[in-house]
Visitor: 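The structure's right below; bear with me while I get my questions together.
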Amino acid sequence: MSDSFTKKTEEPELEVKVTVYNINVGNNKSFIEKCSVLREYMIFVDKVRECVASGVNLEEAIDLSIDECIRENVLKEFLSQRGNEVRKVMTLDYTWEKREELIREEEREEGRKEGREEGEINKLINLIQKKLEKGKSFAQIADEIEEEEAVVKDLITKYL
């Protein structure tokens with residue numbers, strides 16, 4: 001693409017502004033009404049999602065949706081000619097989307113776990129601090145909070 005520029009530079013800079021439209025059912029109706037291909041694509045994708053939501057596996061959902069769309073004259077010519085390509089792309093795209101969703105859920109769970117651990121540490125630190133203010137020894141504190149004395153000393157060193 002940088003060959004297209006008249007002024008050659010070592011590190012070409014290009015600013016691109018992209019507008020993204022949500023073409024899922026119920027969104028950007030006026031935009032979708034202007035473009036029959038987008039509207040039909042939205043219908044096709046929605047059919048696949050409905051099938052998957054009803055428990056049909058992805059590959060079968062794509063096949064059923066392609067067949068149904070062809071019967072209903074939705075992207076008929078395109079799906080008739082390129083159904084195999086659509087199957088491959090939809091499977092990869094949907095799998096990628098699901099993979100990203102699973103990664104996000106794993107990250108949320110990891111964050112919750114870290115939050116719980118941090119909360120437990122803060123609770124211990126607060127208990128230790130209160131017991132120190134009462135003049136208790138490391139050994140007494142460790143016994144009362146049922147932790148090893150080394151753990152108590154380590155928490156005091158790190159946080160107090």
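Quick caveat: nothing in here was measured; it's all calculated off a predicted structure.
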Visitor: Identify whether L132 and I121 are in the same connected component of the hydrophobic contact network (ILVMFWY, side-chain heavy atoms under 4.5 Å).
Guide: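 Yes, one cluster joins them.
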Visitor: In the structure I gave you, are the side-chain heavy atoms of C51 and E60 within less than 4.5 Å of one another anywhere?
Guide: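 Heavy-atom side-chain distance check fails, nothing below 4.5 Å.
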Visitor: Taking the side chain as every heavy atom from C-beta outward, state whether S65 and E68 have any atom pair closer than 4.5 Å.
Guide: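 No, their side chains stay 4.5 Å or more apart.
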Visitor: Taking all heavy atoms of A61 and all of V52, pick out the closest pair and write down the distance.
Guide: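 The pair with the smallest heavy-atom distance is CB-CG2, 3.7 Å.
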Visitor: Can you tell if the side chain of D46 reaches within under 4.5 Å of the side chain of N24, non-hydrogen atoms only?
Guide: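 No. Closest side-chain heavy atoms not under 4.5 Å.
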Visitor: Measure the spacing between CG of L127 and CD1 of I141 and express it to the nearest 0.5 Å.
Guide: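 With rounding to 0.5 Å, CG (L127) is 9.5 Å from CD1 (I141).
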Visitor: So, for G83 and I66, which heavy atoms are closest and what is the spacing to 0.1 Å?
Guide: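 It is O-CD1, 3.8 Å.
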Visitor: Where do S80 and K76 come nearest, in terms of heavy atoms and distance?
Guide: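 Closest approach of S80 to K76: OG-O, 2.7 Å.
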Visitor: With distance as the sole test, does N28 use its side chain to make a donor-acceptor pair with the main-chain N or O of F31 at under 3.5 Å?
Guide: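 No, the answer is negative, given that no donor and acceptor are paired below the 3.5 Å cut-off.
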Visitor: Considering only heavy atoms from C-beta outward, does the side chain of L38 approach that of M42 to under 4.5 Å?
Guide: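 Not in contact.
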Visitor: Kindly indicate whether the side chain of I62, heavy atoms from C-beta on, has any atom under 4.5 Å from the side chain of E59.
Guide: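 I62 vs E59: side chains apart.
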Visitor: Run the salt-bridge test on K158 and D154 with the 4.0 Å N-O cut-off and return the result as yes or no.
Guide: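 Yes.
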Visitor: Can a salt bridge be assigned to the pair E72 and K47 using a cut-off of 4.0 Å between side-chain N and carboxylate O?
Guide: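 Yes, E72 and K47 are salt-bridged.
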Visitor: When you measure from the side chain of R82 to the backbone N and O of F78, does any donor-acceptor pair fall under 3.5 Å?
Guide: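 Judged by distance alone, no pair lies under 3.5 Å.
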Visitor: With rounding to the nearest 0.5 Å, note down the distance linking CG in D143 to CD in E149.
Guide: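 So the gap between those two atoms works out to 10.0 Å.
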Visitor: Can you tell me if N126 uses its side chain to pair, donor with acceptor, with the backbone of N122 under 3.5 Å?
Guide: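 At least one qualifying donor-acceptor pair exists.
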Visitor: Would you call N27 and Y21 a side-chain contact if the rule is heavy atoms closer than 4.5 Å?
Guide: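 Side-chain contact under 4.5 Å: no.
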Visitor: For the pair V18 and V20, evaluate side-chain contact (heavy atoms from CB on, under 4.5 Å) and give the outcome as yes or no after the intermediate values.
Guide: CA-CA 6 Å; V18 177; V20 178; 4.2 Å; yes
Visitor: Taking a hydrophobic cluster as the set of Ile, Leu, Val, Met, Phe, Trp and Tyr residues connected by side-chain heavy atoms closer than 4.5 Å, whether directly or through intermediates, do Y41 and L64 fall within one such cluster?
Guide: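 Unlinked, Y41 and L64 end up in two clusters.
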Visitor: Is it the case that the side chain of E40 and the backbone of L75 share a donor-acceptor pair, with hydrogens and angles ignored and the cut-off at 3.5 Å?
Guide: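 The answer is yes, because a donor-acceptor pair under 3.5 Å joins these two groups.
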Visitor: Is E109 salt-bridged to R116, going by a charged N under 4.0 Å from an acidic O?
Guide: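 Yes, E109 and R116 are salt-bridged.
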Visitor: So, do E117 and K113 sit near enough that their side-chain heavy atoms are less than 4.5 Å apart?
Guide: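 A side-chain contact under 4.5 Å exists here.
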Visitor: In Å and rounded to the nearest 0.5 Å, what is the CD to CD1 distance from E77 to I70?
Guide: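 If I round to the nearest 0.5 Å, the distance is 11.0 Å.
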Visitor: Go through I128 and Y159 one step at a time and tell me if the side-chain contact (heavy atoms from CB on, under 4.5 Å) criterion holds.
Guide: CA-CA 10 Å; I128 292 169; Y159 299 103; over 6 Å; no
Visitor: Going through the checks in order, is the salt bridge (charged side-chain N to carboxylate O under 4.0 Å, His left out) test met by E147 and K131?
Guide: CA-CA 14 Å; E147 284 291 340; K131 292 181 184 294; over 6 Å; no
Visitor: With the 4.5 Å side-chain cut-off for hydrophobic clustering, are V74 and V89 part of the same group?
Guide: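 No.
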Visitor: Would you check if K136 and E144 make a side-chain contact, meaning some heavy-atom pair closer than 4.5 Å?
Guide: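 Yes, side chains in contact.
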Visitor: So, taking the atom named CD in E106 and the one named CD in E110, what distance separates them when rounded to the nearest 0.5 Å?
Guide: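 These two atoms lie 9.5 Å from each other.
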Visitor: Check the hydrophobic clustering (I, L, V, M, F, W, Y; side-chain heavy atoms under 4.5 Å; chains of links allowed) and say if F138 and V151 are grouped together.
Guide: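 F138 clusters together with V151.
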Visitor: Are R108 and E105 close enough, and set up right, to give a salt bridge (charged side-chain N to carboxylate O under 4.0 Å, His left out), and what steps lead you there?
Guide: CA-CA 5 Å; R108 279 191 292 276; E105 183 53 41; 3.0 Å; yes
Visitor: Let me check something: do I43 and V45 share a hydrophobic cluster, defined by ILVMFWY side-chain heavy atoms less than 4.5 Å apart, either directly or through other members?
Guide: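 Yes: a chain of side-chain contacts under 4.5 Å links I43 to V45.
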